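Here is the structure we will look at, set down as structure tokens.
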Amino acid sequence: YALGEFFETFLKLHPDHAIGAIVQAMEAYVARDHPRTSEMLDAELQIDGRAIRLREDWSHIWAHNPESSYGHDAEALLKKLLEYLRSADATAVTHIARRLVETSSLAIFWSRLFLLATERNDVLIDLLLPIAMQEDFLTLPDTRKDAVDVVAKGYERLSQAAREAF
């Protein structure tokens, strides 16, 4: 609860530590309240020379509304992160998004990043488009709606060769 009260300030002053804290909080929350099964997707992809990990978490069921926190601390932190990123400058948003790409793997983070990229329609589209274009992101129920939105928003930015390859 205390972290939620000061999370925006934490993000501004210590973004790397704040992202570490929210990733750990969400990992613990999912493990406790929405445990993963062996049948759930756990994929590691190589995209533009980076290892990207996607883990299914069924968040399309328990976190379908990004504007609600459903009364759980980890979800409240995620909502505060989204609110902050909606209003922060492009430099701060890009730094935090890159940090999330490096450290997070749960589908809930990817869907929120994709949602944010579509809303902002800025450098985040360029950062996230190659990720959103991957089959795992386009077909997983947790990420598909937001991944498709990123692809639709960023498609015109692609070269003709990239469009054909897609």
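From a predicted model like this one, the values you see are computed outputs, not experimental measurements.
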Using only heavy-atom distances, determine whether the side chains of Arg55 and Ser105 contain a donor-acceptor pair under 3.5 Å.
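Yes, a side-chain donor-acceptor pair sits under 3.5 Å.
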With rounding to the nearest 0.5 Å, note down the distance linking [atom1] in [X] to [atom2] in [Y].
X: Glu135; Y: Arg144; atom1: CD; atom2: CZ; result: 12.5 Å
X: Asp42; Y: Glu56; atom1: CG; atom2: CD; result: 10.0 Å
X: Glu27; Y: Arg32; atom1: CD; atom2: CZ; result: 12.5 Å
X: Ile19; Y: Ile22; atom1: CD1; atom2: CD1; result: 6.0 Å
X: Leu127; Y: Asp48; atom1: CG; atom2: CG; result: 9.5 Å
X: His34; Y: Leu106; atom1: NE2; atom2: CG; result: 11.0 Å

So does [Y] get a backbone contact from the side chain of [X], meaning a donor-acceptor N/O pair under 3.5 Å?
X: Ser59; Y: Trp62; result: no
X: Arg53; Y: Glu102; result: no
X: Ser111; Y: Ile108; result: yes
X: His64; Y: Ile61; result: yes
X: Asp142; Y: Asp57; result: yes
X: Arg99; Y: Gly20; result: no

Mind listing the closest non-hydrogen atom pair of [X] and [Y] along with its distance?
X: Pro35; Y: Ala31; result: CB-O, 3.7 Å
X: Asp136; Y: Thr143; result: O-OG1, 4.1 Å
X: Ala25; Y: Ala74; result: O-CB, 3.8 Å
X: Ala51; Y: Glu44; result: CB-OE2, 3.6 Å
X: Ala18; Y: Leu11; result: CB-CD2, 3.7 Å
X: Leu124; Y: Ala97; result: CD2-CB, 3.4 Å

Is the closest basic N to carboxylate O distance between [X] and [Y] below 4.0 Å?
X: Glu75; Y: Lys79; result: no
X: Asp149; Y: Lys153; result: no
X: Glu156; Y: Arg163; result: yes

Using side-chain heavy atoms (C-beta onward) and a distance below 4.5 Å, is [X] in contact with [Y]?
X: Thr103; Y: Phe109; value: no
X: Leu113; Y: Val150; value: no
X: Leu77; Y: Met26; value: no
X: Leu158; Y: Met133; value: yes
X: Leu140; Y: Trp110; value: no
X: Leu54; Y: Phe137; value: yes

Residues Ile125, Arg157; criterion side chain to side chain contact (heavy atoms under 4.5 Å, CB included); working and verdict:
CA-CA 9 Å; Ile125 292 286; Arg157 299 177 188 202; 3.5 Å; yes
Val123, Tyr84: one ILVMFWY side-chain cluster at the under-4.5 Å cut-off?
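Different clusters: Val123 never reaches Tyr84 through Ile, Leu, Val, Met, Phe, Trp or Tyr contacts under 4.5 Å.
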Walk me through whether Trp58 and Met40 qualify under side chain to side chain contact (heavy atoms under 4.5 Å, CB included).
CA-CA 9 Å; Trp58 292 340; Met40 296 171 87; 3.7 Å; yes
The test is side chain to side chain contact (heavy atoms under 4.5 Å, CB included); show your working for Tyr155 and Leu129 and say whether it passes.
CA-CA 8 Å; Tyr155 190 78; Leu129 182 59; over 6 Å; no
Going by the side-chain contact (heavy atoms from CB on, under 4.5 Å) test, name the single residue among Leu128, Asp122, Leu100, Val93 that passes it with Leu116.
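Testing each of Leu128, Asp122, Leu100, Val93 against Leu116, the sole residue satisfying side-chain contact (heavy atoms from CB on, under 4.5 Å) is Val93.
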Just checking His95: does its NE2 atom have more than 12 heavy atoms from other residues, nucleotides or ligands closer to it than 6.0 angstrom?
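Enclosed: over 12 neighbouring heavy atoms sit under 6.0 Å from NE2 of His95.
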Verdict with reasoning, Leu81 to Arg112, per side chain to side chain contact (heavy atoms under 4.5 Å, CB included):
CA-CA 9 Å; Leu81 173 65; Arg112 294 308 188 260; over 6 Å; no
Would Glu67 and Arg86 satisfy salt bridge (Lys or Arg N to Asp or Glu O under 4.0 Å), going step by step from the backbone distance to the final call?
CA-CA 12 Å; Glu67 305 310 320; Arg86 283 177 168 148; 2.8 Å; yes
For the residue pair Phe10 and Phe7, does the interplanar ring angle fall in the parallel (under 30°), tilted (30 to 60°) or perpendicular (over 60°) class?
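Plane angle over 60°, so perpendicular.
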